[in-house]
Amino acid sequence: MIHEVVTADFVITSITPPGQGSAMQLDDTSLRWTIPALGVSASESATLEFFVRHVGNTPGVKLVNESISYTDTEGNQVTFPEPTVAVECDVVVQPEECPVPVDLTVRGCQDSVVVNLGDVFLESQGRILQLDLTLKQVCPGKRVALAVILTEVDENGQEHARGMKTVTIPAHYFPTCRDVLVKCIKFVVPEDLNGTGGARCMCEPRSFRARVIAHNIDSDFCCCCGPIVTV
């Protein structure tokens, strides 16, 4: 008899009838395989196949079995392999819940019915901020690294992070320094972000702050590669 228990990250979904003996699922995580006789007069093998489903919350390479115990009438000792499964968990987000249905009945021979379905609120609302800015006096031939940090200011004056974007501004090749207009840096700010976790209404105003960081990427600086001077 073999008694097998899988780890808590798995549940047994089905067992294929074995070629030798019989197998029974005891609960969601354990099974028992009983073989009346095996290898009595010659070498003989037996295989049991069963299926498991991953129910854990973390990915990675995981041991399938928590324990396997073997007993027979002759007291033989058996060593079992330790199978593993590589688990990749998908990240699933459902931003909108299914609507609650409203039951209604139209009686026989009734041509029309008037039903008040109650209040219905707009879902997944939000705003898109599109920001433009001008980089002043950019030297020719130098790319610029640009970062925009967006925060929202609540009614108490506290700031809450709403996003950060970093972009590379291509170099221009005019003969002198030029101002560079940067357009369409977009941020998405859903209405459920208000600093307290509650839902907002699109009719309410919202206050934001944007901070900009910019610096040259390219430089003609060359460390320790100047002309050699003999003293």
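- Contact annotation: the side chain of D154 approaches that of H160 to within less than 4.5 Å [non-hydrogen atoms, C-beta and beyond].
- Listed by first and then second residue, the ring pair (Phe, Tyr, Trp, His ring centres under 6.0 Å) pairs involving residues 80-108 amount to none (not counting sequence neighbours).
- Within the structure, no pair that satisfies the side-chain hydrogen bond (donor to acceptor under 3.5 Å, both in side chains) test touches residues 98-114, not counting sequence neighbours.
- The list of ring pair (Phe, Tyr, Trp, His ring centres under 6.0 Å) pairs with a residue in residues 4-55, not counting sequence neighbours, reads F10-H54.
- Looking at every heavy atom in both residues, R127 comes nearest to M202 through NH2-O, 3.2 Å.
- Heavy-atom contacts from other residues, nucleotides or ligands closer than 6.0 Å to CD of E96 number more than 12.
- For D28, the salt bridge (Lys or Arg N to Asp or Glu O under 4.0 Å) test picks out no residue, with sequence neighbours left out.
- Annotation: the span from L31 atom CG to H3 atom NE2 amounts to 7.5 Å, rounded to 0.5 Å.
- Cluster partners of M164, using a side-chain heavy-atom cutoff of under 4.5 Å among ILVMFWY residues and allowing indirect links, are I149, I213.
- Screening residues 116-125 for salt bridge (Lys or Arg N to Asp or Glu O under 4.0 Å), with sequence neighbours left out, gives no hits.
- Residue pairs meeting the salt bridge (Lys or Arg N to Asp or Glu O under 4.0 Å) criterion with at least one member in residues 54-64, sequence neighbours excluded: D9-K62.
- Between the CG atom of L129 and the CG atom of L150 there is a distance of 5.5 Å, given to the nearest 0.5 Å.
- Here R209 pairs with E159 under the salt bridge (Lys or Arg N to Asp or Glu O under 4.0 Å) rule; sequence neighbours left out.
- Side-chain atoms of V115 and L117, non-hydrogen and from C-beta on, do get closer than 4.5 Å to each other.
- For the pair E88 and P59, the tightest heavy-atom approach, listed with the atom from each and the gap, is CA-CB, 4.3 Å.
- For N116 (side chain) and G118 (main-chain N/O), a donor-acceptor pair under 3.5 Å exists by modelled atom type.
- Atoms CD and CG, on Q20 and L48 in that order, are 12.0 Å from each other to the nearest 0.5 Å.
- Put simply, CD on E4 and CD1 on I68 are 4.0 Å apart, with the number rounded to the nearest 0.5 Å.
- Here the closest heavy-atom approach between residue L131 and residue A210 is recorded as CD1-CB, 4.3 Å.
- Tracing side-chain contacts under 4.5 Å through hydrophobic residues (I, L, V, M, F, W, Y), one reaches I12 starting from V85; they form part of the same cluster.
- Between the CD atom of E152 and the CZ atom of R206 there is a distance of 4.0 Å, given to the nearest 0.5 Å.
- Atom CD of E155 sits about 10.5 Å away from atom OG of S207, to the nearest 0.5 Å.
- Residues V87 and V52 share a hydrophobic cluster, clusters being chains of Ile/Leu/Val/Met/Phe/Trp/Tyr side chains in contact below 4.5 Å.
- Nearest heavy atoms, V144 versus A214: CG1-CB, 4.1 Å.
- Remark: side-chain polar atoms of Q25 are paired, donor with acceptor, to backbone N or O of D27 under 3.5 angstrom.
- The shortest non-hydrogen separation linking T151 to R211 is OG1-NH1, 3.8 Å.
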Extract all donor-acceptor atom pairs below 3.5 Å that involve side chains of residues 166-190 and protein atoms in other chains or at least two apart in sequence.
| residue | atom | partner | partner atom | Å |
| --- | --- | --- | --- | --- |
| H172 | ND1 | F174 | N | 3.2 |
| H172 | NE2 | V138 | O | 2.7 |
| D179 | OD1 | Q137 | N | 2.9 |
| D179 | OD2 | K136 | NZ | 2.7 |
| K183 | NZ | D132 | OD2 | 3.3 |
| K186 | NZ | C184 | O | 3.3 |

May I have the step-by-step check of side-chain contact (heavy atoms from CB on, under 4.5 Å) for L146 and L133, ending in yes or no? CA-CA 11 Å; L146 177 71; L133 59 92; 4.2 Å; yes
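- With sequence neighbours excluded, no residue forms a salt bridge (Lys or Arg N to Asp or Glu O under 4.0 Å) with R53.
- Listed by first then second residue, pairs satisfying salt bridge (Lys or Arg N to Asp or Glu O under 4.0 Å) with a partner in residues 30-43 number zero, not counting sequence neighbours.
- Listed here is the closest heavy atom pair of I2 and Y70: CG1-CD1, 3.7 Å.
- Residues satisfying the ring pair (Phe, Tyr, Trp, His ring centres under 6.0 Å) test with F208, not counting sequence neighbours, are none.
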Given side-chain contact (heavy atoms from CB on, under 4.5 Å), test T34 with M24 step by step and report yes or no. CA-CA 9 Å; T34 304; M24 175 188 300; over 6 Å; no
